[in-house]
Amino acid sequence: MSTNVMVIGSGGREHAIAWRISKCSNLGKLYCLPGSGGTADIAENIPAGVCDFDLIAQHVTDKNIDLVVVGPEVPLVAGITDFLNERFPGLSVVGPTAKGAQLEGSKDFAKEFMMRHNIPTAAYRTFTKETLDDAYAFLETLRPPYVLKADGLAAGKGVVIPDNLEDARKELAEMFSGKFGDASARVVIEEYLSGIEVSVFVLTDGKDYLILPEAKDYKRIGVGDKGLNTGGMGAVSPVPFADSEFMAKVEQRIIKPTVSGLAEDGIDYRGFIFIGLMNCGGDPYVIEYNVRMGDPETEAVMTRIDSDLLSHLKAAAQGELASETMVINPQAAVTVVMVSGGYPEKYNSGYPIAGIENVRDAQVFHSGTKKSGDATLSAGGRVLAVTANAEDIVAAREKALGAVGCISFTDSYFRNDIANDVIALL
Ligand code: AMP
Ligand code: GLY
């Protein structure tokens with residue numbers, strides 16, 4: 001029986017997920033809500049907001065949707081899965097309920113979860129405005145730099161890492177004064193972990209799980225990972241230090257207790273878990289949980305999955321993951337993100353994008369674009385996520401940069417050093 005699928009979201013992540021689903025054998029019709037200029041080529045876009053639950057429900061009915069894949073965290077934290085489960089008992093939904101989404105929606109919840117289930121993470125305490133003096137005292141016990149995290153969702157900006165005590169105190173006071181709105185009414189202060197980060201992705205049905213290819217992302221705007229934080233400037237997969245020995249530790253110490261911990265806590269979690277890890281001298285520590293796939297990691301990861309993603313997603317939603325096996329291809333993937341000049345600060349959009357049709361042997365995922373007649377226009381800070389695959393990271397990087405060179409729009413910018421740090425480790 002064919003499956004009608006709705007992918008919710010509009011970024012490069014959702015384009016990559018939709019692209020991978022579009023190659024699966026039992027796909028009926030594919031919809032993206034709202035989608036982008038890129039998804040318009042492989043799916044039918046449905047204009048609607050990702051938190052417009054009633055309108056989404058209407059489309060689930062009208063389009064006879066069997067499976068919904070929720071891309072971003074905001075609708076998950078807002079309870080889209082609970083809403084859809086209640087409205088449509090037979091519908092398969094990939095994405096946790098609001099309770100499970102608290103793993104990302106509240107840093108304090110995530111830290112308590114890790115403590116409860118003995119999952120390695122940085123030492124921490126949580127404070128509010130009322131306990132400001134205790135927070136200052138706790139800061140004194142830590143060594144710089146200081147890690148301050150707004151408890152709630154802050155569009156990826158809620159972590160601040162001042163490198164001296166005076167700045168940390170100032171930052172903390174600003175967070176309590178509403179720097180991140182309600183999200184920083186509570187602040188987690190934690191020990192700084194030094195090491196190299198890696199993003200690990202798991203698809204679970206609440207009992208069993210599949211481990212997707214791991215990846216590393218590049219968060220800063222500037223070459224050498226300098227400058228302002230962005231939504232992500234590139235990604236690479238695999239990550240050379242995440243070898244089988246390291247990944248065995250990740251599975252034993254982190255993935256297994258996370259999945260079983262959710263079940264023990266009575267949370268029926270069906271969806272992706274993105275574990276941001278620090279490799280501290282060969283041992284993995286959890287930096288953060290996200291309850292969705294990463295962006296732009298997904299744009300690299302999806303190109304390495306050879307098995308039937310649609311079958312895995314359905315099985316995860318239906319609690320039948322035990323019978324699924326994920327096949328990962330050994331090729332390397334490098335993603336280079338093209339952004340609008342000025343991003344992550346002020347930038348202009350609406351520029352026509354030229355040359356995508358000249359790209360050979362690379363995937364051009366759309367992070368922020370829209371169609372206007374035959375033209376594709378930039379429509380966001382991050383515009384395109386260009387992914388190339390090759391037998392090794394060096395070759396994949398070169399291919400990705402070659403593909404980027406085929407594409408142009410006014411004031412476009414990209415980092416030409418994506419993957420260089422991991423190549424240096426080879
Ligand atoms: P998050 O928004 O939780 O992803 O945090 C943003 C970034 O801050 C992470 O990707 C890390 O680079 C950094 N970070 C978060 N927590 C820590 C920590 N305890 N030690 C060192 N770096 C951290
Ligand atoms: N690439 C990091 C994230 O999606 O949060």
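Residue numbers run from 1 in the order of the sequence given. Heavy atoms only: backbone and side chains are in, while hydrogens, waters and symmetry mates are out. This one's a predicted model, so the numbers in the text were calculated from it and none came from an experiment. Every number for a ligand or one of its atoms is a count from 1 in the order of the listing.
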Considering only non-hydrogen protein atoms, determine which one is nearest to atom 2 (C) of ligand 2 and report residue, atom name and distance to 0.1 Å.
-> Asp217 OD2, 3.3 Å
Looking just at side-chain N and O atoms, do Thr126 and Arg186 make a donor-acceptor pair shorter than 3.5 Å?
-> no
Would you say the side-chain atoms of Gln318 and Ser92 include a donor-acceptor pair closer than 3.5 Å?
-> yes
Ligand 2 to Phe274, heavy atom cutoff 4.0 Å, flagged ligand atoms 2 (C), 3 (C), 4 (O), 5 (O)
Counting from 1 in the order shown, the ligand 2 atoms closer than 4.0 Å to a non-hydrogen atom of Glu297 are 1 (N), 2 (C)
Is Lys216 salt-bridged to Glu197, cutoff N-O under 4.0 Å?
-> no
Find all atoms of ligand 2 within a distance of less than 4.0 Å from any non-hydrogen atom belonging to Gly294, and give their numbers and elements.
-> 4 (O)
Can you tell me if Tyr285 and Glu191 form a side-chain donor-acceptor pair at under 3.5 Å?
-> no
Can a donor-acceptor pair be found between the side chains of Ser311 and Glu324 at a distance below 3.5 Å?
-> yes
Would you say Asp295 and ligand 2 have an N/O pair spaced under 3.5 Å apart?
-> yes
4.0 Å heavy-atom contact, Lys157 with ligand 1 | no
Under 4.0 Å, heavy atoms only, figure out whether ligand 1 is touched by the backbone of Leu193, its side chain, both or neither.
-> both
Assess the pair Phe274 and Tyr289: is the distance between their ring centroids shorter than 6.0 Å?
-> no
If we number the atoms of ligand 2 from 1 as shown, the ones under 4.0 Å from a heavy atom of Arg292 are 3 (C), 4 (O), 5 (O)
